[in-house]
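Encoded as structure tokens, the structure appears first; notes follow it.
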Amino acid sequence: MSASSPGWTFLSNHGHVLVSLAADPGARVRDIAERVGITDRAVQLIVADLEAAGYVERRRVGRRNHYTVATHGRFRHPLEQHVRVGDFLALVAGSAPAPSGH
């Protein structure tokens with residue numbers, strides 16, 4: 001965020017990490033942390049939350065992790081639970097994400 005930007009955004013850090021993983025499934029924790037503006041440890045905790053909730057699947061590929069976002073899932077809050085994760089990501093990314101098969 002620039003110095004003239006407000007101190008808040010419409011998405012939480014969980015939302016930012018999810019968008020980042022959808023855009024770059026092979027991203028390193030360090031890269032995600034830099035993009036989102038949080039610590040590596042915070043990214044690790046958020047990815048664990050997203051995995052536990054079924055929004056993200058982590059698979060080891062060699063020495064790296066590869067992430068698959070479950071685009072069929074829906075938001076958890078009652079105000080947004082009608083929104084599919086894939087539709088949200090398509091809106092944010094400007095194009096439809098690849099189907100996850102979940």
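What you see below is based on every heavy atom in this structure, not just the backbone, and it leaves out hydrogens, waters and symmetry mates.
- Evaluation of the ring pair (Phe, Tyr, Trp, His ring centres under 6.0 Å) test over residues 10-56, restricted to residues two or more places apart or in two chains, returns W8-F10.
- Closest non-hydrogen pair, G26 versus R64, comes out as O-NH2, 2.7 Å.
- Here T71 contributes atom OG1 and L18 contributes atom CG; the two are 10.5 Å apart, rounded to the nearest 0.5 Å.
- Interatomic distance, E34 CD to R28 CZ, rounded to the nearest 0.5 Å: 9.0 Å.
- Listed for the R59 side chain is no donor-acceptor partner under 3.5 Å among the backbone atoms of Y67.
- Contact of the I32 side chain with the V17 side chain is registered, since non-hydrogen atoms from C-beta on lie closer than 4.5 Å.
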Taking only distance into account, with no hydrogens and no angle test, what donor-acceptor pairs under 3.5 Å do side-chain atoms of residues 36-48 form with protein atoms, sequence neighbours excluded?
| from | atom 1 | to | atom 2 | distance (Å) |
| --- | --- | --- | --- | --- |
| T39 | OG1 | A42 | N | 3.0 |
| R41 | NH1 | Q44 | OE1 | 3.4 |

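- Residue R84 comes nearest to R74 through the heavy atom pair CG-NH1, 3.4 Å, listed as atom of the first residue, atom of the second, then distance.
- Taking CZ from R58 and CD from E51, the interatomic distance works out to 4.0 Å, rounded to the nearest 0.5 Å.
- Minimum interatomic distance between A70 and G54 (heavy atoms only, all atoms of both residues): CB-O, 3.4 Å.
- Among residue pairs with one or both ends in residues 9-24, those qualifying as salt bridge (Lys or Arg N to Asp or Glu O under 4.0 Å) are D24-R35; sequence neighbours excluded.
- A donor-acceptor pair under 3.5 Å is absent between the side-chain atoms of R30 and the main chain of A33, judged by distance alone.
- Remark: R76 CZ is loosely packed, at most 12 non-hydrogen atoms of other residues, nucleotides or ligands lying under 6.0 Å away.
- Of all heavy-atom pairs between L21 and V56, the closest is CD1-CG2, 4.0 Å.
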